[in-house]
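Everything numeric here is computed off the predicted structure, so don't read it as measured data. Computed from heavy atoms alone, side chains included, the values below leave out hydrogens, waters and symmetry copies.
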2 protein chains.
Amino acid sequence: MIASSIEDVAAAANVSTATVSRAIRGLPRVSPQTRARILAIATEMGYVASSAASGLATGRTRTIGVLAPYVSRWFFSRAIEGVDLVLQQNQYNLMLINLGGYGGGRERLFEHTMLRKQIDALVVLCLALLPSELEHLHLTEIPLIAVGGPVKGFHQVCIDDYQAAKLATQHLIELGHQRIAQVLGEDKNELNFEVPKLRDKAFEETLVNSGLRFRPEWEVDGEFTVAGGVSAARRLFDAPGEQPTAIFCASDEMALGVMMEAQRRGIRVPQDLSVIGIDNHEFSAAAGLTTVAQDPVEQGRLAAEMLLNELAGKADAVRSVAAPFQLVKRGSTAAPLA
Amino acid sequence: MIASSIEDVAAAANVSTATVSRAIRGLPRVSPQTRARILAIATEMGYVASSAASGLATGRTRTIGVLAPYVSRWFFSRAIEGVDLVLQQNQYNLMLINLGGYGGGRERLFEHTMLRKQIDALVVLCLALLPSELEHLHLTEIPLIAVGGPVKGFHQVCIDDYQAAKLATQHLIELGHQRIAQVLGEDKNELNFEVPKLRDKAFEETLVNSGLRFRPEWEVDGEFTVAGGVSAARRLFDAPGEQPTAIFCASDEMALGVMMEAQRRGIRVPQDLSVIGIDNHEFSAAAGLTTVAQDPVEQGRLAAEMLLNELAGKADAVRSVAAPFQLVKRGSTAAPLA
DNA sequence: CTGTTAGCGCGTTCAC
DNA sequence: GTGAACGCGCTAACAG
């Protein structure tokens, strides 16, 4: 009852396979009656077209690839969900290509998986690609788009990271903070991208433009993780001499780590220390973290829609779009006591 | 240079397509010299077999499906990474089937996507499936396995949730707590599974078996999220009368929410309140949360390995396996003050 | 409106 | 060790 092919259906309905194909795919040139009859029979037989066969015939897989540096981090998993939302609505499949677990064979991934015509389009989640990889991708000539960060030669959906970081920094400055430290995320394993640099640059320039002193010793790496935020906070708190009254963190996960470490030491947030992040991570509201919010679900959704439009034949459907962001004030920031 | 088919390679190498096929797939009956020559030419031409065509011919897709209720929650995203690890090592693709975003058309997912012979095997991440869905899945006759929770009629890789919850509860009791509340996760949108029930049952029975009183009013829902944990904590803290000295949370995310709310109210953890969770979420170490740890990456990896073994022809490769768990003591639990 | 006929690109007998 | 030929299941172009 399950393993039926289009021929079985055609035979059962006394029509040709071509008619079955047309009827099922909703193409014209089939009388309403025959269509109804075929559909009924197909349903009853549990017939579903083989994707391999139709893929071979059409050259389309109805599958979109999502290339991610990690899947278990907030931004990426949410962006994946956003892409998925659109794909499901359009009966497309989602092939997850995770670079995080890749042990050395990363290049093979591009030369094989990517090229096997297994996907009709690709979403690249903020990821720095090697020149050879970019070349491979462009050779496939499938629609491409980047989400969450710029990729050279790609259209992109992402916030203006410079402006976002500037907004966060300015919030601290406007509250009256003068001694502001930064926890940033550095590019460890080459999976990373330009976003950290932009946020870093914005922080420094905003500080200086406001007449404040930029202190290199108050710039520590948090690796974009909670654990990294904790250890970054330790380094700051353990340093001798003057302490910052506020910390700008390049991501909420790091900011949450900073808050946890502060709490452990009895440093009160926001009385003794203001903390601000970027992202609006799921945990941030609960933790009362002030942040510059962005919405990866929406970004993923938008990107997927553009790709599908492009696949549907709309010219230049894939464009670069600036995603919105906004300051969300919560309890972790306040004017400095002194 | 990219869009080459096996015929192009065959022509360039002056051999038949059959020989190219054998050479590339490492089959015998090809002289070392010809094989080397063919491989060189294929590489140079950037040839990669079309997955649709080979899929049609072999009936195999080299793709494994992962059916998940959500992708952006800790357990699921980590389990996906675990599965992915094994698939990448074996040149398999991962098709992500997310039920979370599914707006009503859930059944169609099963009748179409699942059945289109698009995947060679399926991993179900702790998810309650409807009888009709189970039927569909079994009809496909592909290897199946459940991870993280029992699915009727499936082999499974998961911890013994009863024992894990019992361990957590006992830890609190052994510390001397007598007034213990529970934050559990209820089955809201039918995406859920039996795990919450098991943990709940273990908590109650352990309490009673230790001669402690079980108070229904101290059992509140936290929806398995941080935000849910926060609001559960509020309900507990706002209730008049006696307060619990410890709270058992059925997941770390809820426990973290409880800790955040406690902190906001000046309730000291662990002096005034002990909190324990289950999972060992990425944030738990940073937050100092005592928990019963489990490892979804490992569970996913194990499940994927069994599936691939089964696909490789090993009989009964897919079995049920009890995953390990252990108590990880951190700062959030201590003996009650009084 | 419907049927016939070619492929889509590869794997796989079988002969050689 | 190698090649020719068929078939996987479906779609597309053309006939009717």
Side-chain angles (χ1 to χ4, degrees), chain A residues 2-39 41-42 45-63 91 93 112 115-120 140 311 313, chain B residues 2-39 41-42 45-63 91 112 115-120 140 311:
Chain A
I2 272 290
S4 49
S5 82
I6 198 170
E7 288 201 25
D8 305 327
V9 180
N14 266 318
V15 292
S16 72
T17 60
T19 304
V20 174
S21 179
R22 284 189 287 252
I24 289 184
R25 294 189 300 152
L27 297 183
R29 304 188 165 189
V30 185
S31 78
Q33 303 92 303
T34 25
R35 186 189 303 273
R37 186 161 47 88
I38 292 174
L39 251 37
I41 293 177
M45 297 178 74
Y47 170 74
V48 185
S50 148
S51 59
S54 72
L56 224 204
T58 61
R60 287 274 176 109
T61 62
R62 288 198 83 81
T63 297
Q91 261 93 270
N93 296 119
H112 287 240
L115 297 175
R116 286 195 79 190
K117 307 168 192 76
Q118 298 191 112
I119 52 177
D120 295 342
T140 62
L311 289 175
Chain B
I2 274 290
S4 49
S5 84
I6 198 171
E7 288 201 25
D8 306 326
V9 180
N14 267 317
V15 293
S16 72
T17 60
T19 304
V20 174
S21 178
R22 284 189 286 252
I24 287 184
R25 295 190 303 149
L27 297 182
R29 303 189 166 189
V30 185
S31 78
Q33 303 93 302
T34 22
R35 185 189 303 275
R37 188 162 46 89
I38 292 175
L39 252 37
I41 292 177
M45 297 179 71
Y47 170 75
V48 185
S50 145
S51 60
S54 70
L56 225 203
T58 61
R60 288 272 176 110
T61 62
R62 287 197 85 79
T63 298
Q91 261 93 271
H112 287 239
L115 297 176
R116 284 195 82 188
K117 306 166 192 83
Q118 297 191 114
I119 53 177
D120 295 342
T140 63
L311 288 175

Response to the item:
Of all heavy-atom pairs linking B:Ile38 and B:Ala13, the shortest is CG1-CB, 4.1 Å
Discussion item. Going by side chain to side chain donor-acceptor pair (under 3.5 Å), name the residues that satisfy it together with B:Ser54, two or more places apart in sequence or in a different chain.
Written reply: A:Arg116
Fill in: D:dT2 OP1/OP2 closer than 4.0 Å to side-chain N/O of B:Thr34
yes
Discussion item. Without decimals, in angstroms, what is the distance between B:Arg29 CZ and C:dC14 C1'?
Written reply: 10 Å
Response to the item:
The answer to which of B:Ala53 and B:Arg37 contacts DNA chain D further toward the 5' end, by nearest nucleotide, is B:Arg37
Worksheet item: Within this structure, what is the CD1-to-C1' distance between B:Ile38 and D:dG1, rounded to whole angstrom?
Response: 11 Å
Practice prompt. Measure the distance from CZ on B:Arg35 to P on D:dG1 and round it to the nearest whole Å.
Written response: 10 Å
Worksheet item: In whole angstrom, what separates A:Ile6's CD1 from C:dG7's P?
Response: 19 Å
Discussion item. If you assign each of A:Leu27 and B:Leu56 to its closest nucleotide in DNA chain D, which residue comes earlier from the 5' end?
Written reply: B:Leu56
Fill in: Distance in Å, A:Met45 CE paired with A:Ser5 OG, rounded so as to fall on 0.5 Å steps
8.0 Å
Fill in: Selection: residues 18-25 of chain A, any non-hydrogen atom under 4.0 Å of DNA chain C
A:Ala18, A:Thr19, A:Arg22
Worksheet entry | Per A:Val15 side chain, nearest of listed nucleotides C:dT2, C:dG3, C:dC10 | C:dG3
Fill in: Shortest non-hydrogen contact between A:Lys117 and A:Thr61, atoms and distance
O-CG2, 3.1 Å
Fill in: Heavy-atom closest pair, residues A:Gly55 and B:Ala52
C-CB, 4.2 Å
Discussion item. Please confirm whether the shortest side-chain N or O distance from B:Ser16 to OP1 or OP2 of D:dG3 is below 4.0 Å.
Written reply: yes
Item to complete: Among A:Leu39, A:Ile41, A:Val9, find the residue that satisfies the side-chain contact (heavy atoms from CB on, under 4.5 Å) test when tested with A:Tyr47.
Response: A:Val9
Practice prompt. Taking all non-hydrogen atoms of both residues into account, name the closest pair between B:Thr63 and B:Gln118 and its distance.
Written response: CB-O, 3.7 Å
Worksheet item: Atom CG of A:Asn14 to atom P of C:dT4: distance rounded to whole Å?
Response: 12 Å
Worksheet item: A:Arg62 has an atom CZ; how far is it from atom C1' of D:dC10, in whole Å?
Response: 15 Å
Worksheet entry | Nearest listed nucleotide, side chain of B:Val30, among C:dT2, D:dG7, D:dT2 | D:dT2
Discussion item. Any side-chain N or O of B:Thr58 below 4.0 angstrom from OP1/OP2 of C:dT12?
Written reply: no
Fill in: Shortest side-chain distance from B:Ser31, nucleotide among C:dC10, D:dT2, D:dC10
D:dT2
